[in-house]
Amino acid sequence: MLLAVWALAAHGAGTASAHVLLLNSYSPGRPGIDRVTDAFVQRLRESGIPLDHIHVEFLNQEQPNAEIVAPARRALLLAQHGGGRIDMLVALQQPALNFALRELGDIAPEAPLLTDSEPSTLQLAGSRRPIFLYTIVPDLGATVKEVMQLMPRTRRVVIPGGVGEADRAFQRQAEVDLAPWLRQLQVEFLQNMSWAEQMRYIGNLTPDTVVVTGMFNRDRDGYSLPTIDAARDTMRAANVPVFSLFDSIVGEGAVGGAVRNLRQSGRELAQSVLAVIGGRQGANGAVTRVPVGPVQSLYDWRQLERWNIDPSPLQGATILFKPPSLWQAYRGAVLGAASAIVLLAGLLAAMLVRRRRFG
């Protein structure tokens, strides 16, 4: 009954006057998260929500002292948003979800929460909020399927990773995604090594191996690094092809993969917010799953050439940086030359006709 009343109230309020609070797990400046955030804000603004109604907070959960400063961060967010109107909260990645459910129950306590991370049973029991789940998480199974189409002799998949909250959440999902492949492939997760050890390890792999960049925020020794920088380290260190799970990595040294388009994800996330606060998407049980768009088959021609990989098995894939064909590169010149030849041929024919007539 409460959810029905809330949905009617939200629908009556209209989306243009809504206030949305977006909680990012980490600090700004991470290209992947920035792409999602920028696209999310842009889509909300296109819908008519004013910029000053869209509140974006960075929780800096990658910091070693994040737990120590959590009470101060909670007090600051309560001072900023506790007395104002918030129609919906959005938590990106596991640390932000954990923080929101643990620390921010007093901010619009019955406003719905949209997240890309799976809440635990214990978290659900302690929350009064309707929770909506939009899984931005990558599709590792789809990328491995494409690896096997491109490189059918592959026998081993190595995945560097970390031990942070988001890293562990990624590995749990990855284990599910890869379960169908375990009879055919040897899968290695490297999260129990230090980051330096992982980089040395992937520099000495056998030719039947590929590396897939995973999620990394912190290693077992406390060394922290943004996921994008971890991917760059991986691509520099690996002596075998490196495949990607996010579009932001393609073009930096990864071969490609069935990637999550992060700008598309940001817009879809915003669409889900608009559907919920507009009353078009109602809550259905403790967690309501909302639609997620498909991954995109995206590859870098330069890396395909480097590793001698034929992309033809992947019909419909988008291939970046492919050099243009002769026709594409010189279409204007070819058309101009052809026109000139036709014109000259016409003039020559006219002269021959004239010569025959007048001897």
Side-chain angles (χ1 to χ4, degrees), residues 19-41 44 51-109 111-120 122-124 126-129 131-137 161-170 215-219 222-230 246 248 262 265-266 269-270 272-273:
H19 285 253
V20 178
L21 173 59
L22 172 64
L23 302 169
N24 276 307
S25 288
Y26 305 113
S27 54
R30 296 177 176 234
I33 292 298
D34 286 351
R35 287 189 187 196
V36 174
T37 302
D38 291 347
F40 175 83
V41 172
L44 292 185
L51 184 59
D52 59 359
H53 287 198
I54 306 168
H55 314 281
V56 179
E57 299 287 351
F58 293 89
L59 301 181
N60 303 313
Q61 294 294 294
E62 80 279 11
Q63 296 177 339
N65 63 345
E67 291 299 320
I68 298 174
V69 302
R73 184 166 286 120
R74 174 182 182 276
L76 177 61
L77 291 173
L78 283 173
Q80 289 177 300
H81 306 292
R85 173 182 169 185
I86 297 295
D87 295 284
M88 189 158 191
L89 285 78
V90 180
L92 287 181
Q93 298 195 341
Q94 195 73 43
L97 173 64
N98 294 346
F99 187 89
L101 294 178
R102 184 179 66 242
E103 305 287 351
L104 302 182
D106 294 333
I107 293 182
L113 185 148
L114 174 64
T115 181
D116 63 344
S117 302
E118 191 89 40
S120 68
L122 187 61
Q123 288 174 328
L124 292 174
S127 175
R128 291 177 288 170
R129 301 183 189 279
I131 296 180
F132 295 83
L133 181 60
Y134 169 87
T135 51
I136 296 180
V137 293
V163 298
E165 290 176 304
D167 307 335
R168 292 186 183 278
F170 164 79
M215 186 78 70
F216 182 86
N217 289 284
R218 187 179 72 253
D219 75 357
Y223 176 71
S224 62
L225 197 66
T227 293
I228 182 72
D229 290 335
F246 297 102
S248 55
L262 294 176
S265 293
L269 197 71
S272 295
V273 167

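All residue numbers refer to positions in the sequence shown, counting from 1.
Within the 4.5 Å cutoff, side-chain heavy atoms of L51 are placed close to those of V41. Residues F40 and V90 meet the side-chain proximity criterion, which asks for heavy atoms closer than 4.5 Å. In this structure, the side chains of D87 and V20 stay at 4.5 Å or more apart for every pair of heavy atoms. Within the 4.5 Å cutoff, the side chain of N24 has no heavy atoms near those of the V36 side chain.
Summarising the geometry of P112 relative to F132, their closest heavy-atom pair is CB-CE1, 3.8 Å, with the distance given to 0.1 Å. Between L262 and G32, the shortest heavy-atom contact is CD1-CA, 3.4 Å. Nearest heavy atoms, L59 versus A96: CD1-CA, 3.8 Å. Heavy atoms only, all atoms of each residue included: L92 and S25 are closest at O-OG, 2.7 Å. Across all their heavy atoms, E67 and P71 have their closest contact at O-CD, 3.8 Å. V163 approaches D219 most closely through the heavy-atom pair CG2-O, 3.4 Å.
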Derivation and outcome, side-chain contact (heavy atoms from CB on, under 4.5 Å), residues Y26 and Q93: CA-CA 9 Å; Y26 305 113; Q93 298 195 341; 2.7 Å; yes
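Atoms CG and OG1, on L23 and T115 in that order, are 9.5 Å from each other to the nearest 0.5 Å. If you take CD1 on I107 and CD1 on I86, they are separated by 7.0 Å, rounding to the nearest 0.5 Å. The structure places CD of E118 at 5.0 Å from CG of L133, a figure rounded to the nearest 0.5 Å. Within the model, atoms CD of E62 and OG1 of T227 stand 10.5 Å from one another, a figure rounded to the nearest 0.5 Å. Rounded to the nearest 0.5 Å, atoms CG (L22) and CG (L89) are 9.5 Å apart. The distance from the CD1 atom of I33 to the CG atom of D38 is 11.0 Å, given to the nearest 0.5 Å.
Counting only distance, with no hydrogens or angles, the side chain of S224 and the backbone of N217 share no donor-acceptor pair below 3.5 Å.
Under 3.5 Å, the side chains of H81 and E57 contain a donor-acceptor pair of N or O atoms.
Under the side chain to side chain contact (heavy atoms under 4.5 Å, CB included) criterion, D52 pairs with P50, not counting sequence neighbours.
Under the 30°/60° scheme for interplanar angles, the aromatic rings of H19 and H53 are found to lie parallel.
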Using atom types as modelled, flag every donor-acceptor pair under 3.5 Å from a side chain in residues 97-104 to any protein atom, sequence neighbours excluded.
| from | atom 1 | to | atom 2 | distance (Å) |
| --- | --- | --- | --- | --- |
| N98 | OD1 | Q94 | NE2 | 3.2 |
| N98 | OD1 | Q123 | NE2 | 2.7 |
| N98 | ND2 | E165 | OE2 | 2.7 |

